[in-house]
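Here is the structure we will look at.
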Amino acid sequence: MTRPTVAVAGATGAVGRDLLTLLETRRFPCDRLVAIASPRSAGRVLRFRGEAVTVHSIDEQTVFDGVDVALFSAGATTSLEHAPRAVAAGAVVVDNSSAWRMHPDVPLVVSEVNPRALDLLDGGGRRIVANPNCTTMVAMLPLKALHDAFGLTEVVATSYQAAGGAGHKGIDELAGQVGQLAADVELLRTDGAAAAKLVDHRVHAAPLAFNVVPWLGTEAQDGYTDEELKLRNESRKILGLPDLRVAPTCVRVPVVVGHAVAVRATFAEPVDLRAARERLEAFPGLVVEDVPTPLEFAGRDEVAVGRLRPDLDDPRSLSFFVVGDNLRKGAALNTVQIAELLVARGIL
């Protein structure tokens with residue numbers, strides 16, 4: 001049996017490197033790996049399964065020739081330009097950017113939640129599969145488990161998103177601020193505005209160290225950011241609930257890696273807490289913890305859910321707190337899991 005040739009576009013970036021690691025550790029059935037990056041990274045040498053792999057420029061005319069599946073983690077602009085090239089060369093693309101998520105003929109897939117969305121590829125779709133936003137990804141697992149039991153109708157979701165969601169530059173900005181502001185804790189206590197002026201911020205909307213910032217992304221409509229609208233629109237598409245009511249608020253917090261979401265979910269049926277917990281415990285890729293935190297799940301594959309509480313006033317509502325590594329399950333892991341599904345379903 002011939003094993004597929006895999007390309008990783010964005011191979012030298014943080015998520016790209018995670019993709020290479022996961023392809024290796026999960027023993028993905030790969031016959032050949034093509035590492036692709038921007039022209040400035042061409043010629044670099046990476047290691048994959050103990051062998052040297054030379055990075056190719058994405059601008060090379062024949063870079064996708066012979067590729068069966070191309071895993072893209074190189075940004076929306078790059079994906080819009082180059083994913084169609086990969087498809088034209090015969091590849092299926094799994095894209096990690098926002099470029100294709102809301103296209104009606106592109107499946108938006110969380111591997112444990114809606115794998116049957118891949119049927120669209122057999123029905124004349126673009127041969128592109130989209131990976132959701134990392135915040136949406138974290139929330140989808142418990143929401144799907146509970147939706148199947150009680151019929152989801154409404155979500156109020158407040159995210160607590162790590163600095164790493166803005167890439168290495170987001171982490172670096174936070175780390176640089178921490179040391180400077182920690183040197184004068186008394187100023188943090190007595191004159192926070194003066195403390196904030198001591199540090200620069202270019203990545204986050206305000207100083208992030210010892211702070212939380214209730215704005216990330218770009219303004220979209222009615223005071224909401226594009227990050228918040230992704231949470232609404234992608235949830236509707238993944239769960240197949242076009243009329244799902246979603247009230248999103250996205251907040252940046254001084255965590256290196258790991259997004260968290262506080263959720264109040266409302267259902268068509270009254271929620272039995274014991275049955276809800278059993279559903280969550282049985283759902284693939286999901287673990288139940290009393291007090292899940294992003295720090296403790298950084299670097300882990302699982303999404304964790306906890307703080308399960310019946311609503312104080314509405315028997316059809318349930319509150320919970322969910323966390324997951326935004327760079328792992330939120331990006332690289334789900335991308336590889338989709339590729340595994342493509343193999344298992346005979347699409348590759």
Side-chain angles (χ1 to χ4, degrees), residues 13-15 17-19 21-22 25 96 110 112 131-143 157-183 185 188 195 199 201 203-217 227 231 248-264 277 280-281 283-309 319-337:
V15 175
R17 292 195 299 271
D18 284 347
L19 286 171
T21 299
L22 287 165
T25 59
N96 210 11
V110 178
E112 301 90 346
N131 212 34
N133 178 269
C134 46
T135 310
T136 306
M137 183 92 68
V138 168
M140 284 302 95
L141 277 72
L143 286 174
T158 302
S159 72
Y160 303 87
Q161 297 180 219
H168 276 303
K169 62 184 183 298
I171 296 173
D172 292 343
E173 183 170 284
L174 170 63
Q177 294 171 353
V178 167
Q180 191 169 355
L181 293 180
V185 174
L188 290 170
V199 295
H201 63 91
V203 179
H204 309 298
L208 186 58
F210 304 100
N211 202 11
V212 296
V213 180
W215 183 273
L216 62 151
E227 192 80 4
L231 188 52
T249 301
C250 291
V251 181
R252 188 73 79 190
V253 296
V255 171
V256 173
V257 170
H259 288 351
V261 189
V263 177
R264 180 184 185 268
R277 187 180 183 95
L280 294 168
E281 289 175 337
F283 198 81
L286 191 62
V287 296
V288 179
E289 297 270 336
D290 288 338
V291 185
T293 68
L295 179 61
E296 292 168 303
F297 278 83
R300 291 181 59 174
D301 291 347
E302 306 94 341
V303 168
V305 62
R307 295 296 322 278
L308 302 173
R309 291 154 289 148
S319 293
F320 56 87
F321 195 74
V322 56
V323 305
D325 186 323
N326 54 295
L327 297 181
R328 197 163 179 90
K329 178 56 180 173
L333 176 60
N334 196 65
T335 301
V336 173
Q337 288 175 313

Between N133 and E227, does any side-chain donor sit less than 3.5 Å from a side-chain acceptor? yes
Minimum heavy-atom separation for P248 and L231, please, with both atom names. CB-CD2, 3.8 Å
With a 4.5 Å heavy-atom cut-off, do R307 and V322 have their side chains touching? no
Are the side chains of N334 and V110 in touch, meaning some heavy atoms are under 4.5 Å apart? yes
Here the gap from Y160 atom OH to C250 atom SG, rounded to the nearest 0.5 Å, amounts to 11.0 Å
Which atom names give the shortest non-hydrogen contact between V323 and A260, and what distance separates them? CG1-CB, 3.6 Å
V263 vs L143 side-chain heavy atoms within contact, under 4.5 Å: yes
For the side chain of N326 and the backbone of G258, is there at least one donor-acceptor N/O pair under 3.5 Å apart? yes
Can we say R300 and D325 salt-bridge, meaning some charged N sits less than 4.0 Å from an Asp/Glu carboxylate O? no
Report the distance from atom CG of L22 to atom CG of D301, rounding to the nearest 0.5 Å. 7.0 Å
What distance separates T21 OG1 from L333 CG, expressed to the nearest 0.5 Å? 12.0 Å
Non-hydrogen atoms of A331 and V15 that approach each other most closely: CB-CG1, 3.9 Å
Contact summary for M137 and P132, nearest pair of heavy atoms: CE-CD, 3.7 Å
Side-chain contact, heavy-atom cut-off 4.5 Å: P292 with V305? no
Between H204 (side chain) and P207 (backbone), is there a donor-acceptor pair under 3.5 Å? no
Does any part of the side chain of E289, heavy atoms only, come nearer than 4.5 Å to the side chain of E296, both counted from C-beta? no
Say you draw a straight line from OG of S319 to CZ of R264; how long is it, rounded to the nearest 0.5 Å? 6.5 Å
Going from NE2 on H201 to CG on N211, what distance comes out if it is rounded to the nearest 0.5 angstrom? 10.0 Å
Kindly compute the distance separating CZ (F320) from CG (L280), expressed to the nearest 0.5 Å. 7.0 Å
Any P142 side-chain heavy atom under 4.5 Å of L286 side chain: yes
Under 4.5 Å between any side-chain heavy atoms of F297 and V287, yes or no? yes
If the threshold is 4.0 Å, N to carboxylate O, is there a salt bridge linking E173 and K169? no
Is there a side-chain contact between V261 and T135 (heavy atoms, below 4.5 Å)? yes
Tell me whether E112 is salt-bridged to K329, with the criterion being a basic N under 4.0 Å from an acidic carboxylate O. yes
Taking every heavy atom of A166 against every heavy atom of V203, the minimum-distance pair comes out as CB-CG1, 3.6 Å
Check whether any side-chain N or O of Q161 sits under 3.5 Å from a backbone N or O of V251 as a donor-acceptor pair, and report yes or no. no
Looking only at heavy atoms, the pair that brings A298 and V257 closest together is CB-O, 4.1 Å
